[in-house]
There are 2 protein chains.
Amino acid sequence: MPSFVQTDTYTIRQYETDAHSRLAAPALMNWMQESANRNALDYGIGITDLARVSLGWVLTRLRLRIHRAPGYGETVQLITYPTAMEKYFIYRAFRLLADDGTLLAEADSTWLVFDTNRRTMVSLPPFIRSLELPTGLVPSAQLPMKPAFPALSVAADTRQQERTVEWFDIDHNQHTNNVSYVRLLLESIAANILQNQQLAELDLYFRAESRWQDTLQLLIKPVAGDSFLHRIEHTDGREVLLARSVWHQNK
Amino acid sequence: MPSFVQTDTYTIRQYETDAHSRLAAPALMNWMQESANRNALDYGIGITDLARVSLGWVLTRLRLRIHRAPGYGETVQLITYPTAMEKYFIYRAFRLLADDGTLLAEADSTWLVFDTNRRTMVSLPPFIRSLELPTGLVPSAQLPMKPAFPALSVAADTRQQERTVEWFDIDHNQHTNNVSYVRLLLESIAANILQNQQLAELDLYFRAESRWQDTLQLLIKPVAGDSFLHRIEHTDGREVLLARSVWHQNK
């Protein structure tokens, strides 16, 4: 069986840039989602292929590093491919390259398979386990299941805000899209950071799903070295997303 | 001088669809904004061309009609070009075509030029007035300045909600993006309409700008025939956007 590496060319549109006229992190993550889906379709393991046997993909870990966010009109290449498989997990790498080959951003991610009838995670089925992975590419990290940052709990220096999951936050399966969480998380960052700094790293640990019209609590706390810990939870305290963001001064 | 018609090909990405797996209206409007900007660049009247002489484009009217919203993976063509000019206004048409040429959506729009130093609208400068318009195309409506629906005012059957302009709602000029207003306006529609109907027409009359962290009031009122009147205003009551949306049953 062949292996597949997905390479997509994206030219940055105006609405994909932020107020600094640079590619916005949610737009980059949207591309990553799109290219990952196209790669999965080639492998016969797309969303609809899994839905046919009552299974679904769940993103559980993602670590994104942005070295330089490209600007309006730049043409870039996004490359993604599966890097490893274990009983329960499949690992996927992403690389964003400028047209001269410079590495602009990179990400590693971990996915599991969910049984939509039994409402539980299951081991990867044989038709996924037997797939051929690409070889000879840049070695990629397998993220540890537990992230390298502590879970944020409510404390004196934790800010909290409330948000409702909206219509354009959800997917066709009525669940909140992963990128919607990231947008909410970034919106909770203090104004002076958004204005004067740029996102350099985002480490995500997805814990549970949420749905349209759910109320979410967004918690944020500054930590050492221009970093923030984030926690998105249901009103009953159940964790939806734990995260850490790292920010650098604007160049 | 040559005239320019902009034709862009877009293939619908997953995140550009809504929970019905059809192209979301904000995604379509983002494309329209992008293609209009590319057409303006060819004419030498792009955002940066105008900024150089302390001018800026302001969208004042837009009427969008959606006949069929395409689905994931469909490749469509968006065509846009200026249709007419008057002392203060330039008119622009949009057509969205399926790959077999079927008209999927169409829009007419009216733009004016704003002097960013004097903070006022000005007549179109000679370098815009002298441009050559494309001829021999589908005739297009010049929208009347005043829309064909009444301005919504607060009444017993008006629902109201409050929203803050967020970081990803603003452009590089720190103003709220036109598409962000449309997203807010659509989010204020009742859940059963969003779930069971689809947007067929949107008529917009932009009245004033807003900025990051501004608080906006969103007003909505149902009117005859599956239509809604919308009003977005500043907390002091100044109108930001008046609109009417028309909805049809899902097919």
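Order of the sequence lines fixes the chain letters, A, B, ..., with proteins taken first and strands second; residue numbering starts at 1 for each chain. The figures that follow rest on heavy atoms only: side chains count, while hydrogens, waters and symmetry mates do not. Every value quoted in this text rests on a predicted model; they were computed, and no experiment measured them.
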Most contacts with chain A, counted as non-hydrogen pairs under 4.5 angstrom, among B:N37, B:I170, B:L194, B:D169:
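Between B:N37, B:I170, B:L194, B:D169, the count favours B:L194.
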Between B:Q195, B:H172, B:E166, which shows the greatest number of heavy-atom pairs under 4.5 Å with chain A?
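Ranked by contacts with chain A, first place is B:E166.
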Proximal component of [X], with respect to chain A [non-hydrogen, under 4.5 Å]:
X      : result
B:Q33  : side chain
B:D171 : backbone
B:W212 : side chain
B:Q174 : side chain
B:I47  : side chain

Taking atom types as modelled and ignoring hydrogens, do the side chains of A:S54 and A:N117 form a donor-acceptor contact shorter than 3.5 angstrom?
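Yes, because at least one side-chain N or O of A:S54 sits under 3.5 Å from a partner of the opposite role on A:N117.
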For residues A:Y15 and B:N178, is any side-chain donor paired with an opposing acceptor at under 3.5 Å?
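Checked: A:Y15/B:N178 side chains show no N/O donor-acceptor pair below 3.5 Å.
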Taking A:R61 first and then A:D108, would you say they form a salt bridge - that is, a charged N and a carboxylate O separated by under 4.0 Å?
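Judged by the 4.0 Å cut-off on N to carboxylate O distance, A:R61 and A:D108 do not form a salt bridge.
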Are the charged groups of A:E16 and A:R22 less than 4.0 angstrom apart, N to O?
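Salt bridge absent between A:E16 and A:R22.
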Name the member of A:Q213, A:R163, A:R38, A:H20 that forms the most heavy-atom pairs with chain B at distances under 4.5 Å.
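Looking at each of A:Q213, A:R163, A:R38, A:H20 in turn, A:R163 comes out on top.
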side-chain contact (heavy atoms from CB on, under 4.5 Å) between A:H67 and A:E106, worked out
CA-CA 8 Å; A:H67 307 297; A:E106 57 194 310; 2.6 Å; yes
Shortest non-hydrogen contact from B:L218 to B:L184?
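Where B:L218 meets B:L184 most closely, the heavy atoms are CD2-O, 3.2 Å.
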